[in-house]
Protein chains: 2
Amino acid sequence: MPVGLNPDEHELLARIAYRSYVDARTQEQIAEEFALSRPKVGRLLERARATGVVDIHIDTPRGLDLDLEDRLAEAFGLRHAIVAPAAEGAAEQRTLVGRSAARYLERRLTDGVRVAVGHGRDLAALAGAFRGPAATGCVFVSAMGGSPLVDAPTNPNEIARALADASDGTAHSLYAPAYVADGQVRDQLRQQDAVGRVFDLAAEAALALVGIGGTDDGCTMVRSGCLSAAEIARLRARGAVGDVLGTYVDASGRAITAPHLERVMALSLEELRRIPAVVAVACGPEKPLAILGVLRAGIVDALVVDEPNARAVLELVVTDRAEGS
Amino acid sequence: MPVGLNPDEHELLARIAYRSYVDARTQEQIAEEFALSRPKVGRLLERARATGVVDIHIDTPRGLDLDLEDRLAEAFGLRHAIVAPAAEGAAEQRTLVGRSAARYLERRLTDGVRVAVGHGRDLAALAGAFRGPAATGCVFVSAMGGSPLVDAPTNPNEIARALADASDGTAHSLYAPAYVADGQVRDQLRQQDAVGRVFDLAAEAALALVGIGGTDDGCTMVRSGCLSAAEIARLRARGAVGDVLGTYVDASGRAITAPHLERVMALSLEELRRIPAVVAVACGPEKPLAILGVLRAGIVDALVVDEPNARAVLELVVTDRAEGS
DNA sequence: CCGACACCTGAGCATCCGCTCACCACTGAG
DNA sequence: CTCAGTGGTGAGCGGATGCTCAGGTGTCGG
């Protein structure tokens with residue numbers, strides 16, 4: 001199997017590797033046995049690994065592609081990238097992503113951490129799969145208003161509540177709609193003590209948990225009635241590819257300011273950027289561009305996605321680069 | 001593949017193993033990434049190895065069985081056991097054993113080491129495959145007399161000469177026959193300066209190189225005319241299974257003293273025992289019992305054999321033990 | 001034949017790793 | 001409910017490992 005190695009060398013490498021890996025001898029002992037210097041044994045072992053005489057195989061659970069995760073993390077400077085295995089149906093896919101995200105969040109939480117919580121079906125899936133982590137006393141705060149038009153479990157309040165219940169923590173609900181008529185109403189609302197205080201709590205969270213929304217007509221923002229089909233179309237026309245907490249970005253990660261932005265009742269991109277760690281969750285076939293845009297906005301610290309999206313996003317980066325920036 | 005492991009645990013082990021083995025991260029870095037303590041990561045890695053999540057495979061050259069070598073070394077308390085791959089014909093087998101022995105000796109020699117040299121076709125094969133080792137100034141001394149009846153290359157003098165030439169060392173020949181008429185002649189010869197000095201040199205060697213002879217009618221001692229067919233038959237009747245430098249042993253490793261012993265012009269078993277390291281080489285289908293006996297004599301430090309002999313000898317130990325000793 | 005270059009080698013050192021040992025949470029029996 | 005037993009956890013330490021660097025050796029071109 002190993003090429004470019006003469007038989008004697010191959011044999012020596014195999015012998016030394018055997019002592020090291022099978023018999024668990026120290027390099028010093030091996031050096032003694034083969035009448036070599038200790039560093040020499042170290043180099044031979046390194047060489048055995050490099051030439052494939054020693055083959056280390058990791059039995060990865062079915063569907064888990066760690067290399068893909070690394071490339072994703074590398075491409076966007078993420079601290080963590082979690083890729084959930086591909087699944088057949090949309091619902092199954094969301095379940096898998098939710099589960100992966102839940103496991104990740106459980107590992108990541110430490111005692112008393114405050115978490116700002118966004119909305120969407122992907123976060124709802126996370127909450128559904130969330131089991132008690134080792135950490136206790138975590139505080140989950142809505143980072144966005146709610147909407148009565150969609151399934152309750154996808155609203156931030158419900159998600160925060162579910163997370164708090166599962167982890168023996170506390171939840172802070174935001175009693176405000178996600179979208180209001182105009183900027184003036186929003187500002188008034190935010191001045192309300194019950195609303196403003198929750199926003200302040202969210203803005204100072206140590207961790208934010210957000211979904212990544214698309215700009216198709218079936219996206220959460222439209223389904224929840226925050227935006228009309230005409231409004232989302234206008235956003236698309238302005239280059240919007242996706243949103244985080246109601247703030248839309250274009251494919252290069254720049255926020256689209258006009259004119260809906262002031263009506264959103266949620267943490268802004270700038271507030272999000274000040275939160276030390278932002279965990280984004282996304283899945284679904286309509287999301288690649290949205291994920292690309294949000295990742296390029298540079299606010300995301302960790303990403304949980306399904307495998308098709310992961311591949312698609314990396315593909316987009318490559319084609320983008322090929323076209324020149 | 002790994003059993004008794006729940007999926008989440010499997011995934012975690014795979015992730016950690018990937019970081020450790022593929023990305024070559026330190027346990028500290030991994031601990032940081034997964035929010036675990038450093039020792040915990042170490043234990044998980046150990047667990048990953050134990051459960052087979054991490055599978056380390058060593059690509060051994062075809063025919064090399066390192067486990068067999070270990071069992072052989074273990075069974076007889078050898079410092080080294082080298083097993084050459086099995087081959088079809090007797091000549092091919094001897095070539096392979098000779099090559100393995102040569103490589104081994106090359107590694108083992110250090111500058112200026114004095115080596116006592118025996119006789120036989122196996123050692124001749126070693127000499128034929130011997131290339132210059134790193135060591136220089138080695139001294140090769142015949143530890144046994146010669147015989148004009150067999151191929152010259154199997155005599156100690158020739159072997160010592162070949163080894164010396166190939167390694168830029170010196171050879172000391174023993175100008176005496178391997179077998180003489182009776183003990184009196186032997187003693188007289190050993191008192192000759194030219195003979196006695198070489199014996200003394202050999203007896204104080206740091207390393208001895210010997211073949212293991214059988215007790216069949218075609219063994220080297222008979223072929224070389226040292227013993228007649230009748231004599232070897234008498235030795236067999238006394239329990240002899242093999243010889244080292246003309247000294248025969250039985251299956252439990254005891255030397256057969258009567259009556260040929262005093263006629264041998266070679267280092268005795270006791271002299272051999274005083275040499276710090278004795279390397280024995282053996283091959284051929286008639287040898288298993290001979291090897292067993294010689295190994296049990298407790299003089300051998302390192303053994304080079306063909307694979308069939310290695311297996312046969314281990315088999316003999318097992319059956320012996322089963323029958324009770 | 002000689003000099004320059006590259007490669008390999010082994011010493012020394014900072015870091016990393018595995019082991020031991022208290023300590024703690026959980027469990028099951030009294 | 002209490003308490004001994006058990007399994008797991010992280011601190012601390014000594015040995016093991018990987019890295020850097022100076023020195024030496026082989027090789028190739030001049």
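Per chain, numbering begins at 1; letters A, B, ... match sequence-line order. The structure displayed is predicted, hence computed values, not measured ones.
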*Has Gln27(B) got a side-chain N or O lying under 4.0 Å from the OP1 or OP2 atom of dT15(C)?*
no

_How many whole angstroms separate atom CD1 of Ile16(B) from atom P of dC17(C)?_
13 Å

*Rounded to whole angstroms, how far apart are CZ on Arg25(A) and P on dA16(D)?*
13 Å

_Electrostatic pair Glu33(B)-Arg25(B), nearest N-O below 4.0 angstrom_ = yes

*Would you mind reading off the distance between Arg19(B) atom CZ and dC17(C) atom P, rounded to a whole angstrom?*
15 Å

_Closest to the Pro39(A) side chain, choosing from dG18(D), dA11(C), dG10(D)_ = dA11(C)

_Is it the case that dG18(C) (base atoms only) and Arg43(B) (side chain only) share a donor and an acceptor within less than 3.5 Å, ignoring hydrogens and angles?_
no

_Please report the distance, rounded to the nearest Å, between CD in Glu28(B) and C1' in dT17(D)._
16 Å

_Any salt bridge linking Arg161(B) with Glu158(B)? Criterion: basic side-chain nitrogen under 4.0 Å from a carboxylate oxygen._
no

*asked:* Could you tell me how far apart Gln29(A) (CD) and dG18(C) (P) are, to the nearest whole angstrom?
replied: 15 Å

*Hey, is Glu106(A) close enough to Arg103(A) for a salt bridge, meaning N to O under 4.0 Å?*
yes

*Salt-bridged, Arg107(B) to Asp8(A), with N to O below 4.0 Å?*
no

_Tell me the interatomic distance from Tyr21(A), atom OH, to dA16(D), atom C1', rounded to whole angstroms._
14 Å

*Minimum-distance nucleotide to Arg38(A) side chain [options: dG10(D), dC13(C), dC17(C)]*: dC13(C)

*Find the distance Lys40(B):NZ to dC19(C):P and express it as a whole number of Å.*
17 Å

*Can you tell me the distance, in whole Å, between the CG atom of Leu36(A) and the P atom of dT9(C)?*
9 Å

